[in-house]
Amino acid sequence: MEKLLAFDFSAFLVMGVLLFTTVTRRMTHGKENRIFLATLACAFLTTVFDTWSIILDVYADGQLTLKYISHSLYLFFHSLMVLIYVSYIISLADIWHRLKRNILHKILIPLPILAVTVSLITNFFTHKVFYMDESGHYCRGTYFPILYIAGFVYAVYGIFFIWANKILFKRSRFWALMSVFILVFAATFLQMFMPDIVIEMFATTIGLLFISMIVQKPEENIDLITDLQNSTAYTIDIKRNLYNEKVFDIIMINVSNFHSIRDIIGFDAANDLLKEIANKLKLLNKTSKINSDLYYLGKGKFRMTIDEDKRERSNEIAELINTDLQAQISVNHTNLNLVCYVCVTRCPYDVDDYEILMHFGDRFTDDHEYSGNVLLARDLFSKERYDLFNKLDSIIDNALTNHKFQVYYQPIYSTKENRFNSAEALLRLKDDTYGFIPPDVFIPAAEKSGAIHKIGAYVLEEVCEFIASKDFQNLNIDYIEINLSVTQCIHQDLVSQVLGILEKYKVTPDKINLEITETATSHVQGIMAKNIQELTDAGIHFSLDDFGTGYSNMQRVASLPLKMVKLDRTFVNHEDNPKLSIVLENTVKMIKDMDMQIVAEGIETEQLVTRFADMQCEYIQGYYFSKPIPKNDFIVFITKNLNRNAK
């Protein structure tokens with residue numbers, strides 16, 4: 001008796017622990033988790049009835065009805081467990097939508113469990129599946145192989161689905177899923193010839209334990225604050241959905257003022273706010289009975305995915321979410337008004353590419369003014385634009401390889417010398433497919449990929465080659481300004497790269513002026529400060545570009561070895577604002593008191609030229625004189641002005 005029950009009792013204990021930990025580890029969200037929980041519950045019931053059957057067989061000689069009931073329940077739940085496990089595999093691969101469209105699968109999947117159920121019910125009258133002999137001992141009947149056939153059919157299904165979709169599983173997950181079938185096959189084969197060794201459920205339990213440890217890992221897929229699935233789970237699910245050509249909707253919810261609210265109420269209260277939003281979404285998901293998957297991606301971004309069979313309710317659900325989140329939310333006795341963008345995206349009709357979809361989800365709040373209404377991706381989405389963002393890295397690489405980049409020059413006018421004495425070099429990118437791509441699009445992508453260093457070297461080479469030419473020598477231009485990005489400034493090889501290119505073209509350091517943005521000054525530390533100082537010591541001047549666009553820390557600005565400050569165009573349109581005019585005048589005075597020269601950018605009228613000249617701004621730059629133009633046009637422009645001045 002002890003030997004008969006040893007394996008079953010062990011399986012019973014392990015399965016009970018697995019069920020308990022599955023719930024306590026919050027593995028109840030999402031279809032896969034719910035089906036895995038059902039698999040464990042079914043396996044637990046199977047061990048219960050198996051153990052009960054053995055006890056009745058040994059100790060209850062006269063309880064034939066109870067024996068038939070216990071053995072029937074054991075065999076039924078055993079077969080049902082295999083079906084639910086196959087359903088779990090199908091959910092992991094997310095191919096239910098394919099099976100629903102296939103009539104053969106619709107028939108074959110429920111047929112074995114139906115055959116098992118009918119056989120076990122009729123067995124109470126026919127005793128063809130199993131029976132009790134004259135001594136009350138359990139014996140297999142003529143129809144018992146039906147149970148093996150049913151289990152074999154489901155096992156073949158499961159193995160086929162795992163193998164056919166192995167690209168969706170990591171190697172460890174692939175073998176963990178396979179282990180259940182391998183262990184059960186081995187145990188079943190052994191038990192066919194040695195019925196007294198009851199190890200089949202023990203083998204099943206070991207296989208499910210592997211899955212719990214390797215496949216079902218909530219710490220990787222559950223956000224600890226909101227108790228929703230996290231960005232990792234979202235990434236896996238969206239890639240899988242698109243790979244499987246699944247039709248589904250995504251309700252995107254971006255709380256655009258989340259960071260501002262967090263700064264006001266603090267991190268703990270902000271976490272309480274996230275929990276409150278998550279609870280609202282959970283409640284709506286439950287009351288609407290759509291059973292969608294809910295995700296929190298971080299930074300105030302929530303997602304809800306809705307399957308094909310309930311997509312007709314997507315707009316209705318989105319409207320309910322939008323209305324609910326527009327109401328005031330109270331957190332720690334503070335009433336908060338959220339600015340929530342809610343957008344319905346239909347996949348694959350609106351978007352069928354993972355990278356484009358993720359980029360759209362991050363950017364649609366930046367690109368569209370808040371209206372308070374539910375947005376539809378089809379109204380916002382420009383496939384060409386997001387396709388461009390998706391291909392920027394290859395476009396940049398192609399531009400560097402095939403010389404698609406061009407350096408334009410914008411003349412800078414000296415108010416004291418009454419001539420164009422310098423120019424700013426500005427990079428332009430013209431792609432064969434997308435035409436001109438703005439710098440504010442390709443520069444951030446180049447910084448992210450690291451291509452900015454090659455681009456920076458290209459611009460410096462082009463400028464130095466121009467400065468070394470006879471054409472430049474005839475223009476009476478003192479120097480050319482070149483922009484440096486933050487990424488370039490903190491590169492450890494910046495100094496050697498710049499000085500090496502100057503040496504290559506025999507260009508003296510005073511012929512170039514490097515520009516860093518005001519935003520970049522906030523990063524002045526370590527290698528960046530060292531780079532700026534070494535280049536300054538080498539004779540290269542630095543300018544501060546876009547002054548006035550960020551948080552102007554004058555102590556930091558004053559500590560830099562700057563020769564020049566470029567006032568941003570936001571200072572230009574100040575006539576209608578007397579206070580801004582006062583700010584401008586005092587800013588100019590402060591900069592000049594620090595013995596730095598001033599360039600006024602964005603000047604488009606003669607009136608503004610006179611205004612800034614009267615304020616003793618040394619240089620004027622803007623469309624009033626010229627927009628940025630190609631090198632040959634720049635040479636013509638400066639030459640004409642030289643001739644005009646000569647006359």
Side-chain angles (χ1 to χ4, degrees), residues 404-430 435-443 458-460 462-484 511-515 517 541 543-549 563-575 597-647:
K404 299 292 184 181
F405 283 114
Q406 286 183 288
V407 177
Y408 280 41
Y409 297 87
Q410 186 172 30
I412 299 176
Y413 185 77
S414 170
T415 58
K416 291 187 175 180
E417 300 180 33
N418 295 319
R419 69 181 180 91
F420 293 102
N421 78 318
S422 60
E424 180 178 2
L426 298 162
L427 190 62
R428 296 293 181 261
L429 171 56
K430 186 177 182 181
F436 278 103
I437 300 174
D440 62 349
V441 172
F442 71 78
I443 291 297
Y458 168 80
V459 173
L460 186 58
E462 288 289 305
V463 170
C464 286
E465 185 178 21
F466 178 37
I467 293 174
S469 68
K470 291 184 178 180
D471 288 332
F472 183 85
Q473 296 172 13
N474 295 329
L475 297 179
N476 196 26
I477 296 293
D478 296 336
Y479 59 89
I480 301 292
E481 297 183 349
I482 302 173
N483 292 283
L484 287 181
K511 290 297 183 181
I512 66 168
N513 188 86
L514 298 179
E515 292 186 8
T517 63
H541 295 301
S543 297
L544 182 64
D545 196 12
D546 299 331
F547 181 81
T549 59
K563 177 185 178 183
M564 193 178 302
V565 171
K566 302 186 78 171
L567 298 177
D568 185 73
R569 64 188 65 228
T570 54
F571 278 111
V572 170
N573 300 316
H574 63 276
E575 287 85 354
Q597 298 174 338
I598 297 174
V599 181
E601 290 186 293
I603 304 301
E604 298 183 3
T605 66
E606 184 177 0
Q607 180 182 2
L608 287 173
V609 172
T610 303
R611 168 66 169 155
F612 281 93
D614 290 343
M615 294 175 64
Q616 297 186 349
C617 292
E618 288 85 356
Y619 304 105
I620 306 292
Q621 180 179 352
Y623 276 34
Y624 174 74
F625 296 113
S626 173
K627 64 181 180 180
I629 51 180
K631 181 178 69 175
N632 291 337
D633 294 343
F634 174 74
I635 293 172
V636 172
F637 177 86
I638 298 297
T639 301
K640 285 182 178 179
N641 279 276
L642 285 173
N643 294 335
R644 187 180 299 118
N645 291 338
K647 293 178 181 178

Quick check against the 3.5 Å criterion: does T415 have a side-chain atom that pairs as donor or acceptor with the backbone of Q616?
no
Is the shortest side-chain heavy-atom distance between F634 and V407 below 4.5 Å?
no
For E606, does the CD atom sit with more than 12 other heavy atoms under 6.0 Å from it, leaving out its own atoms?
no
Does NZ in K430 sit with more than 12 non-hydrogen atoms of other residues, nucleotides or ligands closer than 6.0 Å?
no
CG-NZ distance between D478 and K511, expressed to the nearest 0.5 angstrom:
6.0 Å
Passes side-chain contact (heavy atoms from CB on, under 4.5 Å), I598 versus L567? Steps please.
CA-CA 7 Å; I598 297 174; L567 298 177; 3.8 Å; yes
Identified side-chain hydrogen bond (donor to acceptor under 3.5 Å, both in side chains) partner of Q410 from the options E424, Q621, K627
Q621
OH (Y409) and CG (L426) are apart, to the nearest 0.5 Å, by 10.0 Å
Which pair of non-hydrogen atoms, one from I477 and one from I480, has the smallest distance, and what is that distance?
CG2-CD1, 4.2 Å
Please enumerate all residues that pass salt bridge (Lys or Arg N to Asp or Glu O under 4.0 Å) together with E417, with sequence neighbours excluded.
R419
Considering residues at least two apart in sequence or located in another chain, which fulfil the salt bridge (Lys or Arg N to Asp or Glu O under 4.0 Å) criterion with E618?
K592
Using side-chain heavy atoms (C-beta onward) and a distance below 4.5 Å, is E481 in contact with M564?
yes
Looking at side-chain heavy atoms only, is the closest gap between N421 and Y619 below 4.5 Å?
yes
For the pair F442 and F405, name the ring-plane relationship: parallel under 30°, tilted 30 to 60°, perpendicular over 60°.
tilted
What's the separation between atom CG in N476 and atom CZ in F420, rounded to the nearest 0.5 Å?
12.5 Å
Centroid-centroid under 6.0 Å between Y413 and Y624 rings
no
When rounded to the nearest 0.5 angstrom, what is the spacing between CG in L427 and CD1 in I482?
11.0 Å
Applying side-chain contact (heavy atoms from CB on, under 4.5 Å) between E601 and each of D545, I620, I412, report the one that passes.
D545
Find the distance between OG (S626) and CG (N641) and round it off to the nearest 0.5 Å.
9.0 Å
List the atom of K631, the atom of F466, and the distance in Å for their closest heavy-atom pair.
CD-CD1, 3.5 Å
Between the CD1 atom in I512 and the CG atom in L514, the distance rounded to the nearest 0.5 Å is 4.5 Å
